[in-house]
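Just so we're clear, the structure is a prediction, and the values are computed from it rather than from any experiment. All values below were derived from every heavy atom in this structure, side-chain atoms included, with hydrogens, water molecules and symmetry-related copies excluded. Lettering follows sequence order; numbering is per chain, from 1.
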Amino acid sequence: MSDAKFYITTAIDYVNSRPHLGTAYEKVTADVIARYRRLRGDRVFFLMGNDEHSLKVEQAARQQGLEPEAYCDRMEEAFTEVWKLLDIDYDDFIRTSQERHKRAVAELLTRIHANGDVYQADYEGWYCNGCEAFKNEGDLVEGRCPDHVGLELAWLKEKNHFFRLSRYQDFLVEHYAKEADFVRPEVRKNELLELLRGGLKDISISRESASWGVPVPFDPDAVVYVWFDALINYVAGVGWPDDEARFQSWWPADLHLVGKDITRFHCIIWPAMLKSAGLPLPRAIFGHGFVNLGKDRMSKSLGTIVDPKALVARYGADAIRFYLCAEATFGRDLEYGEDRLAIRANSDLANGLGNLLSRAISMLIKYRDGVVPAVPTDCASAAVTARAIEDYRRAMDALDLKGGVEAAMSIVIHANKLVDDEAPWALAKDPSQAERLDRVLYELLESCRAASVLLGPVMPTKMRDLRLALRCEAEAPRLEQAAFGGLAAGTRLEKIAPLFPRIDPPEES
RNA sequence: GGCGACGUAGCUCAGUCGGUUAGAGCGAGGGAUUCAUAAGCCCUAGGUCACUGGUUCGAGUCCAGUCGUCGCUACCA
């Protein structure tokens with residue numbers, strides 16, 4: 001139905017700490033979106049990666065007695081291990097220390113330099129190694145950076161290269177006006193528009209004091225400022241500048257998914273960089289919310305980190321992915337609570353969808369010897385499914401993941417009601433109701449199958465298991481296959497183990 | 001200080017262009033069943049839709065102000 005391409009990226013992660021549930025949230029939602037686009041039939045490229053430069057990383061490496069390269073290798077393993085556990089199906093994983101990335105950085109800098117957008121100036125001030133940035137006096141709290149109270153500030157004076165960001169102010173304002181969906185959600189756009197009204201300052205894009213980074217092509221004494229460097233991964237990841245054909249086939253990105261704290265870099269600096277370099281701008285940037293632990297921000301120093309690996313061990317990737325999508329309004333913060341995760345896993349998945357599958361198959365075996373009956377498909381469930389697909393598509397296209405899950409689950413809810421309304425065990429005792437029983441059984445099984453297609457992007461493994469249990473095409477279904485009537489008559493099904501075993505709720509703490 | 005949100009049943013939230021008795025899920029209480037992972041289904045919550053005033057035939061839904069929470073930003077010359 002669609003042969004559109006869809007290029008989606010997540011922010012690349014700093015490798016100075018291990019991924020936590022908040023980091024995972026971004027990758028999970030990106031993966032769900034990517035899988036949804038594949039379900040729609042789009043040609044999808046999903047890029048993730050690690051951000052390996054910066055003084056901070058170098059210091060972390062030295063502290064462990066490692067060269068930065070070796071340290072980053074280890075961190076790549078640490079990250080990708082978690083992504084694998086969470087079923088994140090990215091197409092490529094870029095690292096900013098890779099040659100392809102460095103070439104892109106050099107090329108982009110050369111271009112904006114040639115375009116007259118880079119100039120030299122001295123910069124002097126308090127530098128926070130935590131932020132990798134100079135701080136204004138006014139930002140300091142008791143002489144320290146409010147975001148990194150544990151770190152000493154350094155008074156630095158160095159020659160910097162500056163990017164003429166100020167030149168792009170009007171361009172950006174116009175672009176925001178022209179492209180309504182360029183920045184979402186609305187809250188973030190408002191913030192940035194306000195910032196644009198206040199005027200943009202040129203930004204420093206190089207560091208003399210650091211060595212672990214990409215050399216500035218026109219100044220061997222300096223390396224590129226880590227943020228400026230990092231953004232460029234999005235074009236490097238699709239072949240720029242060396243593989244023009246590949247680049248053309250994917251760029252511009254259709255969606256940059258980033259945390260709400262870094263929308264500014266992606267919505268202001270990045271577009272200006274691209275414009276200056278003569279490259280097309282991304283189509284959309286979405287600033288998602290944070291996963292908070294209760295009311296607290298998830299933070300390493302506060303000890304409020306939730307480890308995704310431990311959660312996967314207990315709940316499985318699918319339940320966690322389902323929880324993250326179903327519970328959060330995409331774009332806003334989510335208050336994480338393990339009790340809520342357990343409730344979701346039990347009530348929606350074990351009691352709702354999993355139990356529906358069990359009872360449907362069980363009745364089929366009991367009343368029809370396990371053979372899927374042939375029945376007309378113009379029933380109430382068909383209408384419910386059709387509507388669910390429509391709602392699902394609308395929600396997912398708008399990046400309303402919660403709405404998408406709700407639409408899919410409406411099929412399950414309807415089917416569970418149907419069981420009680422029709423009471424198959426009563427129909428089974430009355431031979432004159434045989435056709436009706438056939439129809440009901442088919443409706444229940446079909447509802448499971450349809451739901452599995454819609455929920456596939458959210459729970460790839462379990463939904464595949466579900467389709468396997470129904471002996472239908474398990475791999476890479478298309479959205480249109482969710483339509484009612486896909487289950488072949490005559491297939492014989494067998495009893496299955498619970499798809500989602502119930503989980504004991506966590507102890508009160 | 002400026003800008004922008006948010007404030008709806010115990011909890012988490014939906015509520016499109018303003019229109020009859022304000023919704024869902026979870027939790028809790030009750031009921032009728034038995035196919036199922038003791039799951040599912042049905043009924044029940046009587047909530048000043050933060051507060052006040054305004055526009056309107058009519059406002060949770062628009063406007064102004066107040067209070068509270070939060071985000072961004074500025075400044076304390």
Exercise. Under a 4.0 Å N-O cut-off, is there an ion pair linking Glu443(A) with Arg439(A)?
Worked result: yes
For this session: Specify the separation, in whole Å, of atom CG of Asp333(A) and atom P of G7(B).
Result: 14 Å
Seminar exercise, completed: Walking RNA chain B from its 5' end, the first of Gly352(A) and Pro424(A) to be reached, judged by nearest nucleotide, is Pro424(A)
Exercise. Given the P atoms of U69(B) and U61(B), what is the spacing between them in whole Å?
Worked result: 22 Å
For this session: Give one of base, sugar-phosphate or nothing for Leu444(A), where a contact means two heavy atoms less than 4.0 Å apart.
Result: nothing
Seminar exercise, completed: Picking from C13(B), G40(B), C35(B), the nucleotide nearest the side-chain atoms of Asn355(A) would be G40(B)
Problem set entry | Selected nucleotide, minimal atom distance to Val187(A) side chain, candidates C35(B), A14(B), G4(B) | G4(B)
For this session: Check the distance between C70(B)'s P and Glu186(A)'s CD and give it to me in whole angstrom.
Result: 23 Å
Seminar exercise, completed: Separation of A24(B) atom C1' from Asp400(A) atom CG, nearest Å, is 14 Å
Exercise. Closer than 4.0 Å, any side-chain N/O of Lys495(A) to the OP1 or OP2 of U37(B)?
Worked result: yes
For this session: Report the nucleotide, chosen from C26(B), A36(B), C13(B), that has the shortest atom-to-atom distance to any side-chain atom of Ile343(A).
Result: C26(B)
For this session: Look at the side chain of Arg197(A) and decide which nucleotide, out of A36(B), G40(B), C3(B), has an atom nearest to it.
Result: C3(B)
For this session: Before accepting this row, confirm whether a basic side-chain N of the pair Arg340(A)/Glu335(A) lies closer than 4.0 Å to the acidic partner's carboxylate O.
Result: no
For this session: Pick the P atom in G46(B) and in A64(B), then give their distance to the nearest Å.
Result: 36 Å
Exercise. Taking the side chain of Asp420(A) as heavy atoms from C-beta outward, which of U37(B), U73(B), G40(B) is closest to it?
Worked result: G40(B)
Problem set entry | Separation between the C1' atoms of U44(B) and G10(B), rounded to whole Å | 15 Å
Exercise. Quick one: do Asp181(A) and Arg283(A) make a salt bridge, cutoff under 4.0 Å?
Worked result: no
For this session: Would you give the length of the straight line joining atom CD1 of Ile361(A) to atom CG of Leu357(A), rounded to the nearest 0.5 angstrom?
Result: 4.0 Å
Exercise. Quick one: Arg344(A) CZ to G25(B) C1', roughly how many Å, whole number?
Worked result: 7 Å
For this session: Look at Asp348(A) together with Arg344(A) and state whether they make a salt bridge at an N to O cut-off of under 4.0 Å.
Result: yes
Exercise. Between Ser362(A) and A36(B), does any side-chain N or O lie under 4.0 Å from OP1 or OP2?
Worked result: yes
For this session: Provide the distance between the two C1' atoms, one in U48(B) and one in C3(B), to the nearest whole Å.
Result: 31 Å
Exercise. For C42(B), does OP1 or OP2 lie under 4.0 Å from any side-chain N or O of Lys417(A)?
Worked result: yes
Problem set entry | Rounded interatomic separation in angstrom, taking CG from Asp339(A) and P from C26(B) | 15 Å
Exercise. With a non-hydrogen cut-off below 4.0 angstrom, is Lys402(A) in contact with a base, only sugar-phosphate, or nothing?
Worked result: sugar-phosphate
Exercise. Are Phe286(A) and Phe330(A) close enough that their ring centres sit under 6.0 Å apart?
Worked result: yes
For this session: Please check the phosphate of A36(B) (OP1 and OP2 only) for any side-chain N or O of Lys366(A) closer than 4.0 Å.
Result: yes
Exercise. What does Tyr367(A) touch in the nucleic acid at a heavy-atom separation under 4.0 angstrom: a base, only the sugar-phosphate, or nothing?
Worked result: sugar-phosphate
Problem set entry | Chi angles and distances behind the salt bridge (Lys or Arg N to Asp or Glu O under 4.0 Å) call for Asp42(A), Arg37(A) | CA-CA 5 Å; Asp42(A) 291 357; Arg37(A) 301 307 296 216; 2.8 Å; yes
Problem set entry | C1' atoms of G27(B) and U66(B), separation to the nearest Å | 34 Å
Seminar exercise, completed: Of C26(B), U34(B), C13(B), the nucleotide closest to the side chain of Trp425(A) is U34(B)
For this session: Decide yes or no, distance alone: a donor-acceptor N/O pair under 3.5 angstrom between the base of G40(B) and the side-chain of Asn351(A).
Result: no
Exercise. Using atom C1' of each nucleotide, how far apart are G15(B) and A28(B) to the nearest Å?
Worked result: 25 Å
For this session: Check every atom of U37(B), U73(B), C41(B) against the side chain of Arg264(A) and return the nucleotide holding the closest atom.
Result: U73(B)
For this session: For Gly198(A), answer base if it contacts any base atom (sugar-phosphate contacts may also be present), sugar-phosphate if it contacts only those atoms, and nothing otherwise; contact means non-hydrogen atoms under 4.0 Å.
Result: nothing
Problem set entry | Salt-bridge present (Arg436(A), Asp430(A); N to O < 4.0 Å) | no
Exercise. Which heavy-atom pair separates Ser381(A) from Phe484(A) by the least distance, and what is that distance?
Worked result: CB-CE1, 3.6 Å
Problem set entry | Integer-rounded Å distance: C26(B) P and Leu341(A) CG | 16 Å
For this session: In whole angstrom, give the distance that lies between atom CG of Leu441(A) and atom P of A36(B).
Result: 13 Å
Problem set entry | Proximity to the side chain of Ala350(A) - top-ranked nucleotide from A36(B), U37(B), U33(B) | U37(B)
Problem set entry | G4(B) to C76(B) separation - C1' atoms, rounded to the nearest Å | 23 Å
Exercise. Think Arg332(A) has a side-chain N or O under 4.0 angstrom from the OP1 or OP2 of A14(B)?
Worked result: yes
Problem set entry | Along RNA chain B (nearest heavy atom to each residue), the more 5'-positioned of Leu195(A) and Leu349(A) | Leu349(A)
For this session: With P as the reference atom in both, quote the distance from C63(B) to G19(B) in angstrom, rounded to an integer.
Result: 15 Å
Problem set entry | Selection from C26(B), G40(B), A39(B) that lies nearest to any side-chain heavy atom of Arg359(A) | G40(B)
Exercise. Would you call Glu390(A) and Arg394(A) a salt bridge, using N to O less than 4.0 angstrom?
Worked result: yes
For this session: Identify whether any heavy atom of Arg188(A) sits under 4.0 Å from a base atom; if not, whether one sits that close to sugar-phosphate; answer base, sugar-phosphate or nothing.
Result: sugar-phosphate
Problem set entry | Short N-O contact, Arg393(A) and Asp397(A), less than 4.0 angstrom | no
Exercise. Where each pair must be Watson-Crick or G-U wobble with both distances under 3.5 Å, what dot-bracket representation of RNA chain B is obtained, with crossing pairs in [ ] and other-strand partners as |?
Worked result: (((((((..((((.....[...)))).((((.........)))).....(((((..]....))))))))))))....
For this session: Mind calculating the distance between NE2 (His288(A)) and P (G71(B)) to the nearest angstrom?
Result: 16 Å
